[in-house]
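One structure is given here, and the rest of the page talks about it.
Being a predicted model, the structure only gives us computed values, none of them experimental. In what follows, chains carry the letters A, B, and so on, assigned in the order in which the sequence lines appear, proteins first and then strands, with residues in each chain numbered from 1.
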Amino acid sequence: MPELPEVEVVRRGLERWVAHRTVAEVEVLHPRSVRRHLAGGDDFAHRLKGQRIGTPSRRGKYLWIPVDTTGTAILAHLGMSGQLLVQPHQSPDEKHLRIRVRFDDALATELRFVDQRTFGGLSLHETAPDGLPDVIAHIARDPFDPLFDDEAFHQALRRKRTTIKRALLDQSLISGVGNIYADEALWRSRIHYERPTAGFTRPRTAELLGHIRDVMNAALAVGGTSFDSLYVNVNGESGYFDRSLDAYGREGEPCRRCTTPLRRRPWMNRSSYFCPSCQRAPRVSS
DNA sequence: ATTCAGTCCTGAAAGC
DNA sequence: TGCTTTCAGGACTGAA
């Protein structure tokens with residue numbers, strides 16, 4: 001489940017292996033993987049052919065590669081199971097290969113978008129003067145963006161009538177945080193996922209942001225998180241951070257702070273993992 | 001305006 | 001054994 005650290009690992013791989021190459025041909029093998037490209041797969045392939053691509057950027061879980069001189073960029077989202085692989089031409093096609101990009105050079109490698117569940121995809125979009133693809137203008141800066149505004153984030157939390165985990169997953173407030181790192185950062189902060197944001201104090205917001213940055217930095221340091229081999233980075237290597245998780249996926253296992261068994265609660269069609277002792281539920285709900 | 005449930009998808013694992 | 005059900009969940013859509 002790629003979140004910010006995993007996407008950043010992919011971005012770095014793309015920067016190393018495909019930046020500044022010229023596209024020879026694009027093959028779209030599944031229409032759903034280009035569904036955000038409204039003109040369709042043929043148009044996507046045609047527009048990229050012969051174009052030189054630039055250095056990849058990232059905001060939250062989105063990454064994009066500018067297409068030189070066109071004012072557009074290839075936007076990528078990995079969804080749940082997407083991978084961007086750089087593979088030798090002769091490497092056999094992956095079972096869930098959705099898009100292939102061949103290059104006009106002698107490196108003998110191609111870029112492949114592989115995605116079992118097809119929640120992710122590639123598309124081409126116009127870019128704003130700052131380079132941001134227009135369709136992700138609503139995505140907030142992520143906590144590693146130098147222009148992320150901690151104070152503005154705090155004030156936004158205070159204004160909302162929602163609970164903290166919903167807010168963390170709201171990509172228009174803060175981007176890059178998904179279910180896993182939300183649970184991890186809340187555990188580190190000893191905050192229950194249903195705590196209302198309206199009552200957050202400035203120190204509490206600051207501590208939470210600090211833990212979000214810490215846990216994501218730790219994941220980045222080991223190359224991302226992997227649970228079931230669905231996530232592989234651009235060089236085909238899995239991350240190992242899952243062994244370091246303190247909350248996510250640890251139902252019934254002892255809290256590493258207080259030994260209380262962790263709990264799992266169904267939450268918004270997914271799960272929340274927490275320590276019932278360290279992370280006390282707010283007094284009343286609704 | 002804001003919040004929130006429903007929807008998409010595949011395959012592993014659990015249930016019967 | 002083999003079929004059916006459940007679960008994983010990011011982000012968009014449209015309803016309340």
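The hydrophobic clustering, which links ILVMFWY residues whose side-chain heavy atoms are closer than 4.5 Å, places Leu132(A) and Leu122(A) apart.
Of the charged side-chain nitrogens involved, at least one lies within less than 4.0 Å of a carboxylate oxygen, so that Glu151(A) and Arg202(A) count as a salt-bridged pair.
Counting non-hydrogen atoms under 4.0 angstrom, Arg159(A) reaches nothing in the nucleic acid.
Between the side chains of Thr109(A) and Arg21(A), at least one donor N or O sits under 3.5 Å from an acceptor N or O. Looking only at atom types and distance, the side chain of Ser81(A) has no donor-acceptor partner in the side chain of Arg117(A) under 3.5 Å away. Side chain to side chain, Gln83(A) and Glu94(A) fail the donor-acceptor criterion of an N or O pair below 3.5 Å.
For CG of Asp43(A), the number of neighbouring non-hydrogen atoms (other residues, nucleotides, ligands) closer than 6.0 Å is greater than 12.
A donor-acceptor pair under 3.5 Å is absent between the side-chain atoms of Arg36(A) and the main chain of Gly121(A), judged by distance alone.
If you take CZ of Arg265(A) and C1' of dC7(C), they are 17 Å apart, rounded to a whole angstrom.
Screening His96(A), Arg35(A), Arg98(A) against His30(A) for a side-chain contact (heavy atoms from CB on, under 4.5 Å) leaves a single residue, Arg98(A).
Taking 4.0 angstrom as the limit, Ser271(A) places a side-chain polar atom (N or O) nearer than this to OP1 or OP2 of dA8(C).
Projected onto DNA chain B by closest heavy-atom contact, Asp170(A) and Asn269(A) fall at different nucleotides, the more 5' of which corresponds to Asp170(A).
The footprint of chain A on DNA chain B, defined by a heavy-atom cutoff below 4.0 Å, extends from dT3(B) to dG11(B).
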What does the B/S/- profile of nucleotides 10-16 of chain C look like, 5' to 3', with a 4.0 Å heavy-atom cutoff to protein? BSS----
